Each structure stands twice: as C-alpha cells, then as structure tokens.
Asker: 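Let me give you the structure first, and then I'll get to my questions.
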Amino acid sequence: FSYFYGKPRWGRQAPVILTYAFSQNNMIDYISLKDIKTVFKRAFSRWAQVIPVSFMEIEDYPSADIRIGFYYRDHGDGQPFDGVLGVLAHAFSPENGRFHLDASETWALDFETVKSRVAVDLESVATHEIGHILGLAHSSVKEAVMYPSLSPRSKKVDLKIDDVNGVQALYGSNPNFTFSSLLASENSFNKG
Amino acid sequence: RIFPESSSTVITVDTHNTTTTTWHGFTRFLDAGKGSQVSGMSELKEYFNRFGYLPIPDENNFTDIFDKQFESAVIAYQTNLGLPVTGKLDSDTISMMVSPRCGVSDTKTHGTTFQATKH
C-alpha cells in the first residue's frame, strides 16, 4: 500500500462520520439510481467494516463530504476523461471528496445481463475510488483493491490484507473487525 | 451503441471493433527497447507523464526516441505495478498499459517520500 504525499486523512475526531451524495445532473440513465445507491452503499460498507469510519448518504450534494458523479471528457477539474476504457474514474485525496466516474464507460452491476465486452464493474471501481477518498494511493500488489488497473468484465471488490493494513494505519481498526474473516476470504480466493 | 431496455435490463454494445478504445494503439510498440525510434512513441511518453513516471522535457515536446530516461520510466512502471522488470516494452508491460485503469497518478502524489510497502 502507499499514501498520497503528506499522508492526508479525514482529520476529524473518532468516530469519523463522512457524508456522501450523488450529483443530480451528472448521472447515467441505464442503471437505476436505486441500484447505483445500493452498489455504493455496499462499497462504502466494505471500508467501514475495517476502520472506525462510517458513511451516510445525504441528499444535499454541495454540502456532502464525498460528491459522486459521472462525467464526460473535460469536466473542469483538469483531469479530462478519455472515452471508452482508458481511464475509468478518479477521486481526490482527503479532504477534497470529489469522486468522478467516466460516463463514457459501459458500467455494469453484473455481467449476466450486460453482455458488452467493454463492460466495467461499477462496484469494483467504486470500492477502489473510496480507497483514494480515504487517503490510500495505488498499491503494487496485484490482488489488492488499490491496484490501479481493472480489466473489463472483471470484478474485484473484496479488500485484501494490503488494503486493510494501509487504511488501518491511517484510521486505526474497527473494533469489530477481525483479520480471520479476511484471511478466510483470501484463502477462498486463492483456492479459486 | 447502448440499447437500454425497460424492465429486463439487458445492455448490448456493438464492440466488433475495439481498436477505438483508448490506448489500444500502444500495442504497436511491442518489443521496443532502448535506442529504438518508433513513430508515435511520444504519445506513449505522454502516458508515462500522465501517471507520474516521466517529467515533461525542457523543450516541452516528447520525442519518438526510446532514450535512457524513458527506459528508467519503464523500469519504474514495471517495478511499481509488480511486472517483470526488463526495461523494455515487453508483452506484460504493453498488456498492462492498454488495460483500463484509475486516473490517479501512480507516483506524482507521493513527492519524494514515495514508499510502496509490499506484503
């Protein structure tokens, strides 16, 4: 794991509660908002299970700590998207909170119903970008969620030890978290 | 083209020609190594610049020459992403470069204190 320069984190007193909201004007229309919200809730909960940080969705976009939207090409932050595949998304380090996904991608919730060869798993990318929002930079561990690349039609949503160690060094451990559950998950992954 | 359907959401996209996807053209640099010159390699250098591996040159334009500085950038990229470190644009490296990825830089964000910890 690695961190952004200066090792920034959300600096509030524990327990940290971060709010998130979805842009009303910059969303995709072929996946329902309800389904998108379910996917993001699951992605946030994965991180919340390992650190004493909780996430709460709110409606007021401008005041949210984390602001999520889908954007095409140049969208004003100096990091234009590039169309199909290439860059899938980006998010900013603490305590910026901007979370942008490339609207040109074919975002998918599952690959049973979405047959495109260039479909990208929304939950995997959401989980990765939340890592950036929390303060993790890219990892060189291929199995880690924070590894920078993700193939089309692939899924990587379970945090690995590398991800957990990195984020817990920033925020401490969730008192309810045990490494045994993670190891069981990883063993299952390796056998697969 | 995307054809969303109303209730049973089946999305079909015409992808018979995937060469239009970003970075696919980088495959033509396969096996290039130090000293080689391939037209368009400057675009590859821009990719390395974008993700934090190569600074913009003093003259502001990247050349098409695979020089020593570019070799160092390739080595840093391979090291950072857990690839075999060859310093060449081998198939593993090219495959990784054409893969979709996060837009956050791999190294610029770390300044001079970059440390990647492997476990």
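Note that this is a predicted model, so its numbers are computed, not measured. Protein chains get the first letters and strands the later ones, always in sequence-line order, with residue 1 at the start of each. Only this structure's heavy atoms are used, side chains among them; waters, hydrogens and symmetry mates stay out.
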Asker: Which distance, rounded to the nearest 0.5 Å, do you find between the OG of A:Ser140 and the CG of B:Leu83?
Answerer: 10.0 Å
Asker: Shortest non-hydrogen contact from B:Cys102 to A:Glu129?
Answerer: SG-OE2, 3.2 Å
Asker: Tell me whether the count of non-hydrogen atoms from other residues, nucleotides or ligands lying under 6.0 Å of CD in A:Gln24 goes above 12.
Answerer: no
Asker: Please say whether more than 12 non-hydrogen atoms of neighbouring residues, nucleotides or ligands are located less than 6.0 Å from OH in A:Tyr72.
Answerer: no
Asker: Pick one of side chain, backbone, both or neither for A:Ala91, based on which atoms fall under 4.5 Å of a heavy atom in chain B.
Answerer: backbone
Asker: With the side chain counted from C-beta on, respond yes when B:Arg101 and A:Leu85 share a heavy-atom pair under 4.5 Å apart, and no when they do not.
Answerer: no
Asker: Taking all non-hydrogen atoms of both residues, which atom of A:Val87 and which atom of B:Trp23 are closest, and how far apart?
Answerer: N-CH2, 3.6 Å
Asker: Please report the interatomic distance OG(B:Ser105) to CD(A:Gln79), rounded to the nearest 0.5 Å.
Answerer: 8.5 Å
Asker: Measure the OG1-OH distance between B:Thr107 and A:Tyr5 for me, rounded to the nearest 0.5 Å.
Answerer: 13.5 Å
Asker: Is the shortest heavy-atom distance from the side chain of B:Val104 to the side chain of A:His138 under 4.5 Å?
Answerer: yes
Asker: How long is the span from the OG1 atom in B:Thr22 to the CZ atom in A:Phe81, to the nearest 0.5 Å?
Answerer: 11.5 Å
Asker: Out of curiosity, does A:Leu33 fall in the hydrophobic cluster containing A:Val39 (side-chain heavy atoms, cut-off under 4.5 Å, transitive links)?
Answerer: yes
Asker: Are B:Pro100 and A:Ser151 side-chain neighbours, meaning at least one heavy-atom pair lies under 4.5 Å?
Answerer: no
Asker: Is A:Ile161 reachable from A:Tyr171 through a run of I, L, V, M, F, W or Y residues, each pair having side-chain heavy atoms under 4.5 Å apart?
Answerer: yes
Asker: Within the supplied structure, the quantity of interest is the number of heavy atoms (other residues, nucleotides, ligands) at a distance under 6.0 Å from A:Lys37 NZ; does it exceed 12?
Answerer: yes
Asker: Side chain, backbone, both or neither: which part of A:Glu112 has a heavy atom under 4.5 Å from chain B?
Answerer: neither
Asker: Is there a chain of hydrophobic side chains (I, L, V, M, F, W, Y, each step under 4.5 Å between heavy atoms) that links A:Val84 to A:Phe111?
Answerer: no
Asker: Does some side-chain heavy atom of A:Pro148 sit less than 4.5 Å from a side-chain heavy atom of B:Leu81?
Answerer: yes
Asker: Can you tell me which portion of A:Pro8 sits under 4.5 Å from chain B's heavy atoms? Options are side chain, backbone, both or neither.
Answerer: neither
Asker: Heavy-atom count check: over 12 atoms from other residues, nucleotides or ligands less than 6.0 Å from B:Lys88 NZ?
Answerer: no
Asker: Indicate if B:Phe51 and B:Phe62 have the same hydrophobic cluster label, given that clusters are the connected sets of ILVMFWY residues with side-chain heavy-atom separations under 4.5 angstrom.
Answerer: yes
Asker: Should A:Met56 and A:Val16 be regarded as members of a common hydrophobic cluster, given that ILVMFWY residues are connected when their side-chain heavy atoms come within less than 4.5 Å of each other, either directly or indirectly?
Answerer: no
